K.L.:
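Could you have a look at this structure, given as structure tokens, before my questions?
Throughout, a chain's letter reflects where its sequence line sits, starting with A, and its residues are numbered from 1. Everything quoted here is computed from the prediction, not taken from an experiment.
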Amino acid sequence: MKFSTALSPHVQPVNSVTRVMFEVIIALVPGVIALVWFFGLGVLINVVLAVITALMAESLVLLVRGRPVWVSLKDLSAVVTAVLLAISLPAIAPWWVTVTGIVFAIVIAKHLYGGLGYNPFNPAMIGYVFLLVSFPLPMTSWPAMTGLGTVTLNFQDIAQVILFERIPENADYDALTMATPLDALKTQLSLQKSVLEAQSGAVFGYLAGKGWEWVSLAYLLGGLWLIVRKIINWHIPVGLILGISVISGICYLIDAQIYAPPMFHLFAGATMLGAFFIATDPVTAATTVKGRLIYGMMIGVLVYIIRVWGGYPDAVAFSVLLANLAAPALDYFTKPRVFGHRA
Amino acid sequence: MLNLARFHGGLHLPNNKELSNQAPLLQASIPKKLVYPLMQRPGVNVDPKVQVGDRVLRGQVIAHSDHPLATPVHAASSGVIETIEERLIPHPSGMADVCIVIATDGLDESLVTQGVADFSSQDPAAIRTAIKNAGIVGLGGAAFPTSIKLNPGPQRKLDTLLLNGAECEPYITCDDCLMQNQPESVLVGAQILLHSLHIERCIVAIEDHMKRAYARLTQAVAALNDPRIIIVQVPAIYPTGGEKQLIKVVTGKETPSGGIPADIGVLCVNVGTASAVYDAVCKGKPLTERVITVTGRGVKEPQNRYVRIGTPISELIEQCGGYTEHVERLIMGGPMMGFALPDDEIAVVKATNCILAGTAADINTGKQAMPCIRCGDCAKACPVDLLPQQLYWHSRAGNLDKCKEFSLFDCIECGCCEVVCPSHIPLVQYYRSAKSKVIAKAKEAEKAAVAKRRHDMHLERKTKEQAEKAERARLKKEALAKVKQANAEKEGVTQ
């Protein structure tokens, strides 16, 4: 009897890209729920808009590149990029902000570099930074947290804001938005207030910002789930958290008047999202064990430096992109000792 | 008790061993044909010592050669040499080579041979000769001649004999089965090896799920009352049964890259090989049969059997109830490192430990490769601590120097990286291809170096010849001049 042959190993593969991406999406659910809870349904509108745009952009580029469309679409990498970017955007950002950002992320940051696996920079973060420098106003206009603002918007109002930039009659744009805790802290410090004085403001909560701290905790939960499911390794998140804790801890010990405590930096802004979901993008991160630890620490330290001494209130996107640049070198200098070789 | 170490990475694989290790160990019946390839290893061929039409007996040498790595081939049953012709041989490339084919007569007549009951009176060199004459090679899969392994040279000081019973590949249970049924022959084989190596320590390593084999071996050691032999259970992590991995687990020592275990004082042989050594030395029986696992969901009655070496796989499968309807692939060896056979007329050889008839439930029937997402799961799984992903990029780009820099040749092709790869990239294939390219390039470079040396020597010889010629001419001239002078003087004298 004749048989067809194949090369070893003959064992079924135990994992797939689709599964990896799907689990990442699942792990983002708590964070998305928390965002919706505190910042309204605009978050969901952004996510849906982003996913649809991403799938369309991805299909189009694949067609142009003459690549099989379905095979790549079903790897869900475009969906992950879309969700990550969408939840980084203010929950009332106009639709064209989301669409432009996604198109830039998928077409320029991902496919012009060769598509999945070949992009040197995190596409979602490229999209974010591109939007931030191009459209700073809508990108920094976060809606007031539910209960904190002067007006309450229903779903229809939010959809009007996002899709038609039409503001409800009983409010103006300023009434809709509110400074984020990181923003507020920066402003207060520049007014020669102390950290403690600044933190008495309405937007601050127990750990960091009101609402924001819960969103961060939800991301932390999802991230831990990813580690348990072996989708990500602990090295990058731990490195990042360690990096930001150590540098903020040192500064806090030096002068608690002008430097916020480590807990604030851990649970404010996108620290947790960055640590578990963005810095861990395998394509653009370092891949060796030591390399990943250093990579995480680098991002943590950079986030702090840019937040405290830089021009932007948050810095996860910039820090990740800067560390992306360093990833190949980190891999090169942190090769493990091969079995049977001398140290 | 030994403190066990562990190696980096490895995998917990569904082992599927219960498929084949429940049935009793039976003797396979004598096949109608026995087939023996003349190629033993790449570059090691043996010459037929029989002619078509000759009648041969079981245990009779039918092929041999003077090559140091060659071992004699013995007929596994009596019969007549039917033909000597090209046939498919068990080789990953599916190549054909010259084979001796015996039509068996069913009488199974053997050459009368005698072993030595008391091996301790034997000289180690005599034991090695007996092992070589019995055609014994490593039965774990590599088929390296055992007699050569037993003689690592005076510069290497051995202290431990490691019997490898850690059958780490999924599905395979032939060593497990052998240890359950013949623990004495394995252990006496170990005693013979200890004697011939002048060492006092033997560790038999088996995987921790082999409960029955452990009990049987422990009993047998107690019966032999030999304190030199200890039985150790090691965690079942693939590829624990890899020689260098097992040595690391048991002794904590790493075989240096490019070296052999004897460099760190360890000699590692498969338990089946030890049993074959016992048969050869104490019973005078050459290696003509071995235990083989026939398994997978593609065969009706998976089991282990004593199989005559040279038995065509088709006959073996028939004795195990035939194929099931869904059989997809025929693999010689395990699912991780075994190779797929194009045809079941191919016969089993000494290194054959398993025939796996796989269905879609057993094997990967083809998944589309996606781009590498650099997740690093491969590096986490690699038992050698390589960076498989970097090796993949460099071998794909044909960057052979970089491949060497990332220790391509330390790769043992265990397949762990490929099994965990979420992108289903055929990584091992890339490494094999890169290795063969490096070897081909080295050969070419060597050829070029030889040619250059030859050319240089030619030039040197030429210049030397010319110098010699000039010297001779000068000497001749001088001699002539002398003669002339002498003549002139003579003339002068006579004048």
K.L.:
Evaluate the side-chain proximity of B:D385 to A:H341: yes if any heavy-atom separation is below 4.5 Å, no if none is.
P.N.:
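The answer is no; the side chains never approach within 4.5 Å.
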K.L.:
So, do A:F3 and B:L341 sit near enough that their side-chain heavy atoms are less than 4.5 Å apart?
P.N.:
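Of all side-chain heavy-atom pairs linking B:L341 with A:F3, none is under 4.5 Å.
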K.L.:
With the side chain counted from C-beta on, respond yes when A:Y118 and B:P371 share a heavy-atom pair under 4.5 Å apart, and no when they do not.
P.N.:
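Counting from C-beta outward, A:Y118 and B:P371 do come under 4.5 Å.
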K.L.:
Quick one: which of B:G338, B:S423, B:C372 has the most heavy-atom pairs under 4.5 Å with chain A, could you say?
P.N.:
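Most heavy-atom pairs within the cutoff with chain A belong to B:G338.
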K.L.:
Which heavy atom of A:S8 sits nearest to which heavy atom of B:V428, and what is that distance?
P.N.:
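Residues A:S8 and B:V428, closest heavy atoms: O-CB, 4.2 Å.
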K.L.:
Go through the atoms of B:E328 and report whether side chain, backbone, both or neither lie under 4.5 Å from a heavy atom of chain A.
P.N.:
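Backbone of B:E328 only, per the 4.5 Å heavy-atom cut-off to chain A.
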K.L.:
Counting heavy-atom pairs closer than 4.5 Å to chain A, which one of B:V419, B:L386, B:T255 comes out on top?
P.N.:
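Option with the top pair count is B:V419.
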K.L.:
Top residue by heavy-atom pair count (under 4.5 Å) with chain B, among A:S4, A:P9, A:P282?
P.N.:
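Ranked by contacts with chain B, first place is A:P9.
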K.L.:
Would you indicate whether A:F22, at its atom CZ, is surrounded by more than 12 heavy atoms from other residues, nucleotides or ligands within a distance under 6.0 Å?
P.N.:
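It does not: A:F22 CZ has 12 such atoms or fewer within range.
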K.L.:
Can you say whether A:V289 sits under 4.5 Å from chain B via the side chain, the backbone, both, or neither, judging by heavy atoms?
P.N.:
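No part of A:V289 comes within 4.5 Å of chain B.
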K.L.:
Tell me, side chain or backbone of B:L330 under 4.5 Å from chain A's heavy atoms, or both, or neither?
P.N.:
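Both backbone and side chain of B:L330 come within 4.5 Å of chain A.
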K.L.:
Quick check on B:K380 against chain A: is it the side chain, the backbone, both or neither that has a heavy atom closer than 4.5 Å?
P.N.:
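For B:K380, the contact with chain A is made by the side chain alone.
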K.L.:
If you count heavy-atom pairs under 4.5 Å with chain A, which of B:G376, B:G358, B:S257, B:P170 comes out on top?
P.N.:
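Most heavy-atom pairs within the cutoff with chain A belong to B:S257.
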K.L.:
Just by modelled atom types, is the B:M337 backbone N or O under 3.5 Å from a matching donor or acceptor in the A:H10 side chain?
P.N.:
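Not a single qualifying donor-acceptor pair exists.
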K.L.:
Check the pair A:M1 / B:S314 against side-chain contact (heavy atoms from CB on, under 4.5 Å), numbers first and verdict last.
P.N.:
CA-CA 8 Å; A:M1 196 165 146; B:S314 54; over 6 Å; no
K.L.:
Which region of A:V20, side chain (C-beta onward) or backbone (N, CA, C, O), has a non-hydrogen atom less than 4.5 Å from a non-hydrogen atom of chain B, or is it both or neither?
P.N.:
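The side chain, not the backbone.
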K.L.:
Which residue out of A:I231, A:D281, A:V71 racks up the most heavy-atom pairs below 4.5 Å with chain B?
P.N.:
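Most heavy-atom pairs under 4.5 Å with chain B: A:V71.
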K.L.:
What's the verdict on side-chain contact (heavy atoms from CB on, under 4.5 Å) for B:I373 and A:L116, showing C-alpha distance, side-chain angles and the deciding distance?
P.N.:
CA-CA 7 Å; B:I373 57 166; A:L116 178 67; 3.8 Å; yes
K.L.:
Tell me, side chain or backbone of A:T284 under 4.5 Å from chain B's heavy atoms, or both, or neither?
P.N.:
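Just its backbone gets close to chain B.
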K.L.:
Quick check on B:P426 against chain A: is it the side chain, the backbone, both or neither that has a heavy atom closer than 4.5 Å?
P.N.:
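Neither part, no heavy atoms under 4.5 Å.
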K.L.:
Contact part of A:N119 toward chain B, heavy-atom cut-off under 4.5 Å: side chain, backbone, both or neither?
P.N.:
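Neither the backbone nor the side chain of A:N119 comes within 4.5 Å of chain B.
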K.L.:
Taking all non-hydrogen atoms of both residues into account, name the closest pair between B:E254 and A:G340 and its distance.
P.N.:
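Distance-wise, the nearest heavy atoms are OE1-N, 2.7 Å.
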K.L.:
So, do A:V338 and B:V384 sit near enough that their side-chain heavy atoms are less than 4.5 Å apart?
P.N.:
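The answer is yes, as the side chains (C-beta and beyond) meet within the 4.5 Å cut-off.
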K.L.:
A:A285 and B:R374: which non-hydrogen atoms are nearest, and at how many Å?
P.N.:
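Looking at all heavy atoms of both residues, the closest pair is O-NH1, 2.9 Å.
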K.L.:
Check whether A:R337 gets within reach of chain B through its side chain, its backbone, both or neither, counting any heavy atom under 4.5 Å.
P.N.:
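Both parts, backbone and side chain.
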K.L.:
In terms of heavy-atom pairs under 4.5 Å with chain B, which of A:D75, A:I232, A:N233, A:T288 leads?
P.N.:
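Option with the greatest count: A:N233.
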K.L.:
At a 4.5 Å cut-off on heavy atoms, which part of B:D410 comes close to chain A: side chain, backbone, both, or neither?
P.N.:
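B:D410 touches chain A through side-chain heavy atoms alone.
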K.L.:
Say whether, by atom type as modelled, one donor and one acceptor occur between the side chain of A:Q12 and the main chain of B:A360 under 3.5 angstrom.
P.N.:
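It does hold such a pair.
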K.L.:
At a heavy-atom distance under 4.5 Å, which candidate from B:P92, B:C414, B:A340, B:G415 has the highest pair count against chain A?
P.N.:
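Of the candidates given, the most pairs with chain A belong to B:A340.
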K.L.:
Can you find a heavy atom in the side chain of B:R432 that is under 4.5 Å from one in the side chain of A:L7?
P.N.:
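The answer is yes, as the side chains (C-beta and beyond) meet within the 4.5 Å cut-off.
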K.L.:
Would you please test B:D377 and A:K230 for side-chain contact (heavy atoms from CB on, under 4.5 Å) and show each step?
P.N.:
CA-CA 9 Å; B:D377 284 357; A:K230 297 197 163 122; over 6 Å; no
K.L.:
Under 4.5 Å heavy-atom distance to chain A, tell me which part of B:M370 shows up: side chain, backbone, both or neither.
P.N.:
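The answer is the side chain of B:M370.
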K.L.:
Measure the CZ-OG distance between A:F339 and B:S407 for me, rounded to the nearest 0.5 Å.
P.N.:
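Nearest 0.5 Å value for the CZ-OG distance: 13.0 Å.
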